[in-house]
Amino acid sequence: MQEYFIIVVSAVLINNIVLSQFLGICPFLGVSKKLSASLGMGGAVSFVLVLAGALTWLVQRYLLDPFRVGYLQTLAFILIIASLVQFVEMVLRKFSPPLYKALGIYLPLITTNCAVLGVAIINIQKEYTLGKVLVHSLSHAAGFTLALVLMSGIRERLEDADIPESMQGTPIALVTAALMSMAFLGFSGLI
Amino acid sequence: MLVAVLCLAGLGGIFGIILGVASKKLAVEVDSRVEELNKVMPGANCGSCGLPGCAAFAEALVEGSVKPTLCAPGGASLYEKIALILGGEASEYQERQVAQLLCQGGVGHSRMLFRYQGIKECQAALAHYKGQKACNFGCVMQGSCSRACPFGAIQMGADGLPVVDYYLCTGCSRCVVECPQQILKLVGVSHLVNVRCVNPEPGKVSKGNCKVACIKCKICEKNCPEDAVHVVASGEGSVAIIDNDKCTNCGICAAKCPTRAIDKIPPLSEEVVLEVAVPPGTSCPNCGACKAA
């Protein structure tokens, strides 16, 4: 039990996928202008991350390891994630059009989200069991959503702030991200 | 090597098959009318309908949540095509609208206070002592509307005022939004007589600043057989305004107006309206209107 707790705290706060490991920066900056959009993106990423985490672990365990072709890991994982996203998109479109509409363009974007591939590879590197893989993936997804929601909250306020012209838009967003990253550094002493 | 190739090929093959089967089994039927509508849309994605792009507008049309007339660039010819696809009568839709300039005070008519040589933007020109003209309500003649027009329908005339080509104008209202003086107005094509002055100052002042200003003499009001034109309060003064619903385009007010502030344009022929052509020297906005017509 304690092990799982450590995995959760470490993934959400200490090794936050965006703010400590610098993965998935693209959606972090791109989809964090509105709170609603960042929640949607967070939901979509969580969904894909957990599924991809489990599937990549199974493929690694029962295909790549037995045949001693571990060096194909990156290639195989990208293949899995891309197909999975496609499949999820089709299923959602058929069975849950409202959710499909809500996720919109964010869903196909996850195909090229390095956070998904990153977490899948970390899962393997840490030699987790399937249960831990699921918890680990879900925690990282929660960390990603947390970072996105915090960022969008700040950026919505920045809209009203009087920012010098040369700093408006992306520059101030990058500065904000850097400050948030430093703030999250404070969590490193937690465990 | 062989194992690696087989592994990846196997994975790829399995996923390919799953996705292939899934795309068949999970295929979602798209309303064929949406595709048909997409073909007849102007395709300018101008957003004047309030929806993100022509494709979204087509979907909303099929759902019935919007009216065809929201698409200003499409005009009457588009409404007919939409009516054909969705069923219904095109005549229910309103007439085509064009942008009209409510100012005739070009060079030679309007008194200038100084010569503006700054940035060629109306907003910038206005920032210098409210523009170079003595009249603070008229056109500032820097051509922001002309540059904003995606259809090349507004050219700057010799007298410095923009000239709207009513055959090219689609009524998309980009220029209406752009004009800082708010003197471009969308008017139905059948409405030919317009008061082309918005200056509310007393007649003596407005006449002193511009030869073609409304001087509030009320001659139009007295001569109108339909009681359609009135000098009404506007801002800190008053100005003549024509009621479009009552006006019969007789043109008596335009003929009687001592300063020619009321103007009657020749009627537009509907046949020419359909032949949308790109005038020489302007770039094609790629609106698709020529193809649709």
Side-chain angles (χ1 to χ4, degrees), chain A residues 33-34 36-37 40 48 51-52 54-108 110-111 116-117 120-121 124, chain B residues 1-35 37-38 41 43 45-47 49-66 70 118-119 121 123-124 126-127 144 180:
Chain A
K33 284 192 184 122
K34 286 263 163 344
S36 54
V48 173
L51 273 177
L55 207 61
T56 49
W57 186 85
L58 289 173
V59 167
Q60 175 81 25
R61 180 80 182 270
Y62 295 107
L63 186 75
L64 300 184
D65 284 349
F67 289 106
R68 296 171 184 282
V69 282
Y71 55 86
L72 286 179
Q73 195 187 49
T74 316
L75 217 53
F77 282 12
I78 290 174
L79 191 66
I80 294 168
I81 293 166
S83 324
L84 188 69
V85 172
Q86 280 279 309
F87 185 73
V88 168
E89 196 183 340
M90 277 190 254
V91 172
L92 281 184
R93 198 170 171 195
K94 177 80 179 175
F95 296 109
S96 179
L99 187 61
Y100 176 76
K101 273 221 166 135
L103 294 179
I105 186 72
Y106 308 131
L107 204 51
I110 299 168
T111 317
V116 179
L117 182 65
I121 290 176
I124 307 301
Chain B
M1 172 67 190
L2 188 65
V3 181
V5 172
L6 281 179
C7 274
L8 269 192
L11 263 185
I14 292 169
F15 285 130
I17 290 167
I18 292 177
L19 284 182
V21 173
S23 71
K24 287 270 177 209
K25 291 253 177 197
L26 301 174
V28 178
E29 279 181 29
V30 182
D31 199 324
S32 64
R33 290 180 300 172
V34 175
E35 279 168 33
L37 283 173
N38 267 329
M41 284 294 155
N45 289 326
C46 66
C49 56
L51 290 160
C54 293
F57 183 62
E59 258 179 53
L61 273 177
V62 171
E63 282 173 19
S65 56
V66 294
L70 278 181
I119 307 162
E121 278 300 335
Q123 198 78 55
L126 263 182
S144 289

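Treat the numbers as computed from the prediction; the structure is a model and nothing was measured. Sequence lines set the chain letters: A, B, ... in the order given, protein chains first and strands last, and positions in each chain run from 1.
Crowding of A:Phe87 atom CZ: a count of heavy atoms from other residues, nucleotides or ligands under 6.0 Å not exceeding 12. Within a 6.0 Å sphere centred on CG of B:Leu6, heavy atoms belonging to other residues, nucleotides or ligands number more than 12.
If you measure heavy-atom distances from A:Ile80 to chain B, the contacts under 4.5 Å come from both the backbone and the side chain. With a 4.5 Å cut-off on non-hydrogen atoms, A:Val59 touches chain B through its side chain but not through its backbone.
Residues from residues 62-72 of chain A that place a non-hydrogen atom less than 4.5 Å from a non-hydrogen atom of chain B comprise A:Leu63, A:Phe67, A:Val69, A:Tyr71, A:Leu72, given in numerical order.
Taken to the nearest 0.5 Å, the CE atom of A:Met90 stands 10.5 Å off from the CD1 atom of B:Ile18.
Put simply, the side chain of B:Leu26 reaches to within 4.5 Å of the side chain of A:Phe95, judged on heavy atoms.
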